[in-house]
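Have a look at the structure below before the remarks.
It should be emphasised that the depicted structure is a prediction, and the values quoted were computed from it without experimental measurement.
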Amino acid sequence: MTYVVADNCIKCKYMDCVEVCPVDCFYEGENTLVIHPDECIDCGVCEPECPAEAILPDTDPEAEKWLEMNTKYAEIWPNITEQGQPPADADEFNGVTGKYEKFFSPNPGGQEAEKKVG
């Protein structure tokens, strides 16, 4: 069993979940996070910490469609172990529907993104 990050994290990326994860299974994209399903120990401490309510247990009917995305990007994005700053406009995007289709970026976040810019 695992938890997955779903649509509402995109463009919100609050990162409160990262601080509480005991196994550091979060990976950072340019505008969202994902959970590595093979590393997640199903403890559930991240779920209530997410202000965007974007973390789902794999028992949720919506989780199945996000499992593939989380798995794919956890393999290529950098691991994140400390909470960073959310985007300045995060609150404006919280609750917006269809964010994956409209705003998802496959680019890595964190230091990997800074290398591309710099």
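- Note that CZ of F26 is 11.0 Å distant from CD of Q83, once rounded to the nearest 0.5 Å.
- In this structure, the side chain of K13 engages the main chain of G29 through a donor-acceptor pair within 3.5 Å.
- In terms of heavy-atom proximity, L33 sits nearest to W77 at C-CZ3, 4.5 Å.
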### Message
Applying side-chain contact (heavy atoms from CB on, under 4.5 Å) to I35 and W66, what does each step give before you reach the verdict?
### Response
CA-CA 10 Å; I35 294 172; W66 298 106; over 6 Å; no

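- Here the shortest heavy-atom pairing between P108 and P78 reads CB-CD, 3.7 Å.
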Pairs of donor and acceptor atoms involving the side chains of residues 40-54, under 3.5 Å and at least two apart or interchain, shall be tabulated with distances.
none

### Query
Would V5 and Y27 satisfy side-chain contact (heavy atoms from CB on, under 4.5 Å), going step by step from the backbone distance to the final call?
CA-CA 10 Å; V5 175; Y27 291 78; over 6 Å; no

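- The CD1 atom of I80 sits 11.0 Å away from atom SG of C21, with the distance rounded to the nearest 0.5 Å.
- Residues F104 and T32 come closest through the heavy atom pair CE1-CG2, 3.9 Å.
- Two residues are said to be in side-chain contact when any heavy atoms from C-beta on lie closer than 4.5 Å; E82 and V18 fail this criterion.
- Atom CD of E68 sits in a sparse spot, with 12 or fewer heavy atoms from other residues, nucleotides or ligands closer than 6.0 Å.
- A single hydrophobic cluster is not seen to contain both M15 and I10; linkage of ILVMFWY side chains at heavy-atom distances under 4.5 Å, directly or through other members, places them apart.
- A donor-acceptor contact closer than 3.5 angstrom links the side chains of N8 and K99.
- Atoms NZ and OH, on K11 and Y100 in that order, are 15.5 Å from each other to the nearest 0.5 Å.
- Looking at residues two or more places apart in sequence or on another chain, you find a salt bridge (Lys or Arg N to Asp or Glu O under 4.0 Å) between K65 and E62.
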### Task
For the pair V4 and L56, evaluate side-chain contact (heavy atoms from CB on, under 4.5 Å) and give the outcome as yes or no after the intermediate values.
CA-CA 5 Å; V4 294; L56 305 173; 4.2 Å; yes

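- Listed by chain and number, the residues in a salt bridge (Lys or Arg N to Asp or Glu O under 4.0 Å) with E101 amount to none (sequence neighbours excluded).
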### Query
Run the side-chain contact (heavy atoms from CB on, under 4.5 Å) check on N79 and D24 step by step: do they pass?
CA-CA 7 Å; N79 183 249; D24 299 331; 4.2 Å; yes

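- A74 and V34 get closest at one heavy-atom pair: N-CG2, 3.6 Å.
- No path of Ile, Leu, Val, Met, Phe, Trp and Tyr side chains, each step under 4.5 Å between heavy atoms, connects Y14 with V20, placing them in separate hydrophobic clusters.
- Remark: the backbone N or O of N107 is not paired with any side-chain donor or acceptor of E30 at under 3.5 angstrom.
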